[in-house]
Amino acid sequence: MIHTDLISLIQQAARAAQKAGDLPTYDLPAFSVEHPKNAEHGDYSTNIAMQSARPARMAPIKIAEQLVAHWPISPFVGKVEIAPPGFINITLDNGWLAQQVQVIEENATTYGNSNTGQGRKAQVEFVSANPTGPLTIGHAWGAVLGDSVASLLQATGWDVTREYYFNNGGRQMRLLGESLQVRCLELLGERRAIPQDGYQGEYLRWVAAALVAEYGASLHDKELDFFRGKAVDAIFANIRATLDRLGIHFDVYYNELDLYETGKVNAAVQALAHSGYSYQKDGATWLRAADLGLKQDRVIIKSSGEPTYRMPDIAYHVEKLRRGFDFVVDIFGADHHATWPDVLAGVRALGYNTDGIQVIIHQFITLLRGGEEVKMSTRRGQFVTIDELLDDVTTEAIPGKDVVRFTLLTRSPDSPMTFDLDLAVKQSSENPVYYVQYGHARICSILRKAAEEGFGPDMYAAGDLTLLTHPSELALLRRMVALPEAVAQAAQQLAPHQMSGFATELATQFHAFYRDCRVVSSDPADREITRARLRLCEATRITLARTLSLMGVTAPERM
RNA sequence: GUCCCAGUAGCUCAGUGGAUUAGAGCGCUUCCCUGCGGAGGAAGAGGCCACAGGUUCGAGUCCUGUCUGGGAUACCA
């Protein structure tokens with residue numbers, strides 16, 4: 001990767017200068033290598049000379065001069081310049097850039113990947129909605145984030161498990177069963193009220209109708225457990241179908257009840273008692289969270305003898321580590337931000353290192369419909385489901401998931417999002433996702449056109465890349481070669497939304513190239529440049545498709 | 001009260017301690033089809049980066065405080 005190669009080049013230059021006595025001997029300070037905002041400042045710049053000024057006791061500009069004087073030879077660096085007060089600006093070599101087309105062609109299905117994970121096991125846990133109803137807008141962001149984080153980790157060499165954690169027992173589920181029972185009996189002519197705190201959503205009526213059709217009057221005699229089981233089955237089928245529409249597939253559905261049945265919750269309770277990090281007070285069992293760096297102690301077993309939600313969560317996270325995951329990512333909504341420090345504290349109390357557990361908290365989505373904020377509550381049945389959203393933004397040409405996924409990945413999860421439903425539908429044809437997809441479709445169209453005119457892939461495969469020297473061609477290449485480090489950075493920062501920016505910039509560069517450079521020409525004199533540009537188009541197509549695939553967005557050949 | 005997140009263009013939002021031009025999309029004002037997809041391109045208007053201090057050679061970015069908005073503060077999950 002260029003970025004990491006540059007860091008080592010800079011270090012080599014510094015060591016060489018020190019060895020030659022042109023720089024004093026000092027430990028290299030931390031320095032950055034970044035993309036300057038101003039294109040005149042090259043493709044990369046480093047601040048090492050400024051950072052070194054103090055330890056070296058030299059003027060930054062003098063240090064920079066020495067580093068440049070000792071700069072090692074490398075194929076991809078075209079120009080190294082110094083700018084006051086001591087920036088070293090690095091420009092990529094044009095010939096090298098053009099040759100990268102071949103590298104991209106040869107790695108059509110893997111371009112952008114790297115290997116920081118080195119095959120280690122990672123787990124991304126997301127969605128994890130209990131089966132009490134259809135997935136709503138509230139779950140959409142976590143779903144998209146989680147799936148894309150998982151893809152990014154895979155692209156950087158991790159062996160990734162996508163996991164969905166759920167609980168189909170407890171009070172919530174009992175209420176769900178009772179609510180379904182009421183709906184069924186209603187259809188059979190028996191009037192009953194939905195229990196206090198029960199689920200009033202419309203979807204339970206549909207489940208009830210299906211059950212009545214299948215079981216008829218025999219439903220009068222069924223136990224509560226029957227209804228609970230049927231409700232869970234139906235809802236999970238619905239959830240999986242929704243996830244499938246979003247293009248999301250989990251490797252593991254992990255049931256919280258298993259933690260109890262296999263004694264893992266109990267074992268964790270015992271171990272905590274043993275560790276001295278839990279104690280009894282007011283008939284309950286408390287975790288000494290205050291001794292683990294948190295504000296206050298927390299109840300882990302209620303005076304009734306039932307564990308609080310923290311206990312199974314602690315056992316679950318211990319289990320994640322025991323299952324051999326070196327890296328664990330949990331994705332929660334903002335409403336959970338207070339709970340995970342407790343859980344991690346419990347895991348630490350049991351002697352586990354939690355450095356490998358990262359949490360992404362995303363803010364809420366506020367929905368506007370008709371200019372009014374849509375209030376959401378699962379129990380009262382007031383919500384907009386992901387299915388409804390997908391239906392709203394689906395067009396003949398483009399599946400709704402592309403709009404939903406791309407849109408959610410244009411925002412940082414730290415920022416709350418306002419999603420105006422009317423606007424999303426109205427503007428759908430001018431959504432950024434179309435801009436990027438249009439770029440891909442346009443390339444495909446050019447390649448089709450070229451094939452019709454006798455420039456099929458066989459004809460241009462050996463095109464001369466050294467002919468790619470136009471500024472717009474080089475600008476496009478500059479974006480393309482940055483994909484690997486863009487992916488690495490997005491993965492490292494667990495920030496998949498960075499990929500939408502990359503995709504948009506790449507598409508913009510392509511449109512600029514298309515404006516400036518005629519690709520398919522019937523003039524025999526243009527034969528060679530046509531072949532070279534077709535290779536560039538194909539490499540761009542690959543790069544765009546790879547970027548979109550990491551976001552879970554399709555790269556259409558036609559729109 | 002305390003904690004977490006945010007405050008950047010009319011709207012929705014990007015922005016990695018760097019460089020006398022802070023970006024995108026939408027909206028607004030003008031242009032560009034006798035060449036491969038105009039779902040595109042060119043130009044323009046629109047900003048005390050909430051406010052006040054501080055750290056630094058250098059701050060939209062880091063620190064402290066204030067204000068505003070959202071969320072969390074259970075022996076609910």
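Throughout, a chain's letter reflects where its sequence line sits, starting with A, and its residues are numbered from 1.
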Integer-rounded Å distance: [N] [atom2] and [X] [atom1]:
{"X": "I301(A)", "N": "A74(B)", "atom1": "CD1", "atom2": "C1'", "result": "17 Å"}
{"X": "W340(A)", "N": "U73(B)", "atom1": "CH2", "atom2": "C1'", "result": "16 Å"}
{"X": "Y279(A)", "N": "C75(B)", "atom1": "OH", "atom2": "C1'", "result": "12 Å"}
{"X": "H336(A)", "N": "A72(B)", "atom1": "NE2", "atom2": "P", "result": "11 Å"}
{"X": "L408(A)", "N": "C13(B)", "atom1": "CG", "atom2": "P", "result": "12 Å"}
{"X": "M173(A)", "N": "C76(B)", "atom1": "CE", "atom2": "P", "result": "17 Å"}
{"X": "R174(A)", "N": "A77(B)", "atom1": "CZ", "atom2": "C1'", "result": "14 Å"}
{"X": "Y435(A)", "N": "U12(B)", "atom1": "OH", "atom2": "P", "result": "23 Å"}

Check whether any side-chain heavy atom of [X] lies under 4.5 Å from a side-chain heavy atom of [Y], and answer yes or no.
{"X": "Y44(A)", "Y": "T91(A)", "value": "no"}
{"X": "P312(A)", "Y": "Y165(A)", "value": "yes"}
{"X": "F513(A)", "Y": "C537(A)", "value": "yes"}

Of all residues at least two apart in sequence or in a different chain, which pass the salt bridge (Lys or Arg N to Asp or Glu O under 4.0 Å) check with [X]?
{"X": "R310(A)", "answer": "D342(A)"}
{"X": "D313(A)", "answer": "none"}
{"X": "E528(A)", "answer": "R531(A)"}

Nearest-Å distance once atom P is located in both G69(B) and G27(B): 31 Å
Rounded P spacing from G41(B) to G25(B) in Å: 8 Å
N/O (side chain, R54(A)) to phosphate O (OP1/OP2, C57(B)) under 4.0 Å: yes
Short side-chain N/O contact to G41(B) OP1/OP2 from Y438(A), under 4.0 Å: no
M417(A) vs K302(A), nearer the 5' end of RNA chain B by closest nucleotide: M417(A)
Check: N89(A) main-chain N/O paired with S45(A) side-chain donor or acceptor under 3.5 Å: no
Under 3.5 Å: donor-acceptor pair, side chain of N167(A), backbone of G169(A): yes
Quick one: label [X] by what it contacts on the DNA or RNA (base, sugar-phosphate, nothing), any heavy atom closer than 4.0 Å.
{"X": "S303(A)", "value": "base"}
{"X": "E557(A)", "value": "base"}
{"X": "A284(A)", "value": "base"}
{"X": "A450(A)", "value": "nothing"}
{"X": "D313(A)", "value": "nothing"}

Stretch residues 507-527 of chain A: residues that reach within less than 4.0 Å of RNA chain B through a heavy atom: H511(A), Y514(A), R515(A), C517(A), R518(A), V519(A), V520(A)
Whether over 12 other heavy atoms sit under 6.0 Å from R448(A) CZ: yes
Within 6.0 Å of CD in E557(A), more than 12 heavy atoms from elsewhere: no
Check: S304(A) side chain, C75(B) base, donor-acceptor under 3.5 Å: no
I'd like to check the side chain to side chain contact (heavy atoms under 4.5 Å, CB included) partners of [X]; sequence neighbours left out, ordered by chain and number.
{"X": "A475(A)", "result": "Q509(A)"}
{"X": "T394(A)", "result": "R245(A)"}
{"X": "R174(A)", "result": "R171(A), E178(A), L224(A)"}
{"X": "H470(A)", "result": "S472(A), E473(A), D516(A), C517(A), R533(A)"}

Under 3.5 Å, which N/O atoms of the protein pair with N/O atoms of nucleotides 3-6 of chain B?
| residue | atom | partner | partner atom | Å |
| --- | --- | --- | --- | --- |
| C5(B) | O2' | D414(A) | O | 2.5 |

Chi-angle category of C31(B) [syn within 90° of 0, anti beyond]: anti
Contacts under 3.5 angstrom, residues 492-503 of chain A side chains, donor-acceptor by atom type, not counting sequence neighbours:
| residue | atom | partner | partner atom | Å |
| --- | --- | --- | --- | --- |
| Q493(A) | OE1 | Q498(A) | NE2 | 2.8 |
| Q498(A) | OE1 | Q489(A) | NE2 | 3.3 |
| S500(A) | OG | L409(A) | O | 2.7 |
| S500(A) | OG | H497(A) | O | 2.8 |

Sugar-phosphate or base contact per nucleotide [nucleotides 15-21 of chain B; S, B, -; heavy atom under 4.0 Å]: SB-BB-B
Consecutive Watson-Crick or G-U pairs in runs of at least 3, all under 3.5 Å, in which RNA chain B is involved: B:1-7 with B:67-73, B:10-13 with B:23-26, B:28-32 with B:40-44, B:50-54 with B:62-66
Nearest-nucleotide pick for A338(A), side chain only, options being A72(B), U12(B), A74(B): A72(B)
